[in-house]
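From a predicted model like this one, the values you see are computed outputs, not experimental measurements. Chain identifiers are assigned alphabetically (A, B, ...) following the order of the sequence lines, protein sequences preceding nucleic acid strands; residue numbering begins at 1 within each chain.
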2 protein chains.
Amino acid sequence: MYEKKIPELLDCGLAISVKVIGGKWKAWIIDCIKRDVKRPSAIHREMNIVNPRIINLHLKELEEYGIICKKVYAEVPARVEYCFTPVGESILPVIQVLEDWGNQHREYIQHNQAEYREDAVPVLR
Amino acid sequence: MYEKKIPELLDCGLAISVKVIGGKWKAWIIDCIKRDVKRPSAIHREMNIVNPRIINLHLKELEEYGIICKKVYAEVPARVEYCFTPVGESILPVIQVLEDWGNQHREYIQHNQAEYREDAVPVLR
DNA sequence: GGAGACAGGGAAAAATTTATCCCTATAAAA
DNA sequence: TTTTATAGGGATAAATTTTTCCCTGTCTCC
């Protein structure tokens, strides 16, 4: 387990939010659970381009934050399911807002970035 | 300038949004500009715990995405100001949503994380 | 002339996150 | 008995982001 050398600044609400949903694959994972793909193996199957190890790390992180809840059933082989906590439910509409904004401006942003040239910045008088 | 070795996946809107606001200090920078702290030197003064170099990198990134617009005035010494583009304006309420959610659940999340213990996960029958 | 404010960036190191590889272990099915 | 599915993690490497250090200039003020 990696130990941070520089303490995080979590004084602002946005830092908290970004910490929760900012990981590379967290959004996808959350989306899986939202669609009832809630067992580790099922999530791994759907997110087959992502290393399962990473998915597990993200799941554990979300669990630590209290966004998702891990249920271990006493079956053999063990069955595990993740579901949202109430706070986890409450972040879903927030994610939807981000999703919508991103979809609405994807082209603009990608176009800008592709076309960007330092020398194009105009000098005003 | 660092060149990515693995192409980004920007197929989902959330990935776009996180890309735009996900940098370590972007939120603070955006907040500065929102409060009319828009000159590099002024931003550097306010964000004095952050290395100016980093702030400049983030500013350039936001400019590339078309979130902020750089104005260079033909004065000596050169005066530079950043302001929002229309798309930049449109992300402000999104950030507010994140800010609000984070503030609302900061304690819960930090408490959970502090208390988290693997062995506390119950086994269901 | 020297100090400080202004805007900016290269090179390299450090920190952090993500990825790969290869293990453990149990039980059902082939 | 070997394979497959389940869940999971250690060690290490690679990729990425963030940080530090130290430069370049111009102009104003003392």
Side-chain angles (χ1 to χ4, degrees), chain A residues 1-10 15 18-29 37-64 68 70-82 118-119 121 123-124, chain B residues 1-10 15 18-29 37-64 68 70-82 118-119 121 123-124:
Chain A
M1 178 74 171
Y2 181 76
E3 302 255 349
K4 283 220 176 356
K5 296 182 184 171
I6 296 176
E8 299 178 275
L9 287 179
L10 295 174
V18 168
K19 174 189 168 89
V20 169
I21 57 180
K24 184 162 181 183
W25 307 108
K26 291 235 199 84
W28 194 352
I29 291 173
V37 179
K38 42 178 60 171
R39 295 187 62 174
S41 54
I43 299 175
H44 294 166
R45 260 193 304 276
E46 169 168 334
M47 301 177 61
N48 61 79
I49 62 167
V50 184
N51 191 289
R53 181 87 167 80
I54 302 295
I55 297 176
N56 291 344
L57 288 178
H58 282 321
L59 282 168
K60 171 163 278 186
E61 214 186 312
L62 289 169
E63 193 198 352
E64 277 188 27
I68 61 177
K70 178 182 186 172
K71 291 184 188 171
V72 180
Y73 292 89
E75 300 175 5
V76 169
R79 181 161 63 98
V80 173
E81 279 183 9
Y82 291 97
E118 173 67 31
D119 58 283
V121 176
V123 175
L124 308 177
Chain B
M1 179 78 169
Y2 180 77
E3 302 255 350
K4 283 221 177 355
K5 295 182 185 171
I6 297 176
E8 300 178 275
L9 289 179
L10 295 174
V18 167
K19 174 186 165 94
V20 169
I21 57 180
K24 185 161 182 182
W25 307 110
K26 291 232 199 86
W28 194 352
I29 291 172
V37 178
K38 42 179 60 169
R39 295 188 60 175
S41 54
I43 299 175
H44 294 166
R45 260 193 304 277
E46 168 168 331
M47 301 178 60
N48 60 79
I49 63 166
V50 184
N51 192 287
R53 181 86 166 79
I54 303 296
I55 298 176
N56 290 345
L57 288 178
H58 281 323
L59 282 168
K60 170 164 280 187
E61 215 186 312
L62 290 170
E63 194 198 351
E64 278 188 25
I68 60 177
K70 178 182 187 175
K71 292 183 187 171
V72 180
Y73 292 89
E75 299 176 7
V76 170
R79 181 160 63 98
V80 172
E81 279 183 9
Y82 290 96
E118 173 67 32
D119 58 283
V121 175
V123 175
L124 308 178

(message) Please pick, from D:dT18, D:dT17, C:dA19, the nucleotide with the shortest atom-to-atom distance to any side-chain atom of A:Ile54.
(response) C:dA19
(message) In the structure I gave you, are the side-chain heavy atoms of B:Ile55 and B:His44 within less than 4.5 Å of one another anywhere?
(response) yes
(message) Quick test of your reading of the model: are B:Glu61 and B:Lys26 salt-bridged, counting only N-O distances below 4.0 Å?
(response) yes
(message) So, OP1 or OP2 of C:dA19: does either fall under 4.0 Å of a side-chain N or O from A:Trp25?
(response) yes
(request) Ignoring backbone atoms, test whether A:Lys4 places a side-chain nitrogen or oxygen under 4.0 Å from the OP1 or OP2 oxygen of C:dT17. (result) yes
(request) May I ask you to test the A:Tyr73-A:Glu81 pair for a side-chain heavy-atom distance under 4.5 Å? (result) yes
(request) For A:Leu10 and A:Lys19, run side chain to side chain contact (heavy atoms under 4.5 Å, CB included): C-alpha distance rounded to whole Å, both residues' side-chain angles, the deciding distance at 0.1 Å, then the answer. (result) CA-CA 9 Å; A:Leu10 295 174; A:Lys19 174 189 168 89; 3.9 Å; yes
(message) One character per nucleotide, please: for nucleotides 2-10 of chain C, 5' to 3', B when the base has a protein heavy atom closer than 4.0 Å, S when only the sugar-phosphate does, - otherwise.
(response) ----SSSBB
(request) Considering only NZ, NE, NH1 and NH2 on the basic side and carboxylate oxygens on the acidic side, decide whether A:Glu3 and A:Lys5 come within less than 4.0 Å. (result) no
(message) Distance check needed: C:dA15 P versus A:Glu8 CD, whole Å only.
(response) 15 Å
(request) Please test A:Ile49 against A:Trp28 for side chain to side chain contact (heavy atoms under 4.5 Å, CB included), starting from the C-alpha separation and ending with a verdict. (result) CA-CA 12 Å; A:Ile49 62 167; A:Trp28 194 352; 4.0 Å; yes
(request) Mind calculating the distance between OH (A:Tyr73) and P (D:dA7) to the nearest angstrom? (result) 12 Å
(request) Answer whether the closest heavy-atom distance between the side chains of B:Ile43 and B:Lys38 falls below 4.5 Å. (result) no
(request) Can you tell me the distance, in whole Å, between the CG atom of B:Asn51 and the P atom of D:dT19? (result) 8 Å
(message) Please determine whether a side-chain nitrogen or oxygen atom of B:Lys5 lies at a distance below 4.0 Å from atom OP1 or OP2 of D:dA15.
(response) yes
(request) Kindly indicate whether the side chain of B:Lys70, heavy atoms from C-beta on, has any atom under 4.5 Å from the side chain of B:Val72. (result) yes
(message) Just the rounded figure in Å: distance from C1' of D:dA15 to OH of A:Tyr2.
(response) 14 Å
(request) Check B:Val18 against A:Gly22 and note the closest heavy-atom contact, atom names and distance. (result) CG1-O, 4.2 Å
Give me, pair by pair, the N or O atoms of the protein and of nucleotides 22-25 of chain C that are less than 3.5 Å apart, along with how far apart they are.
none

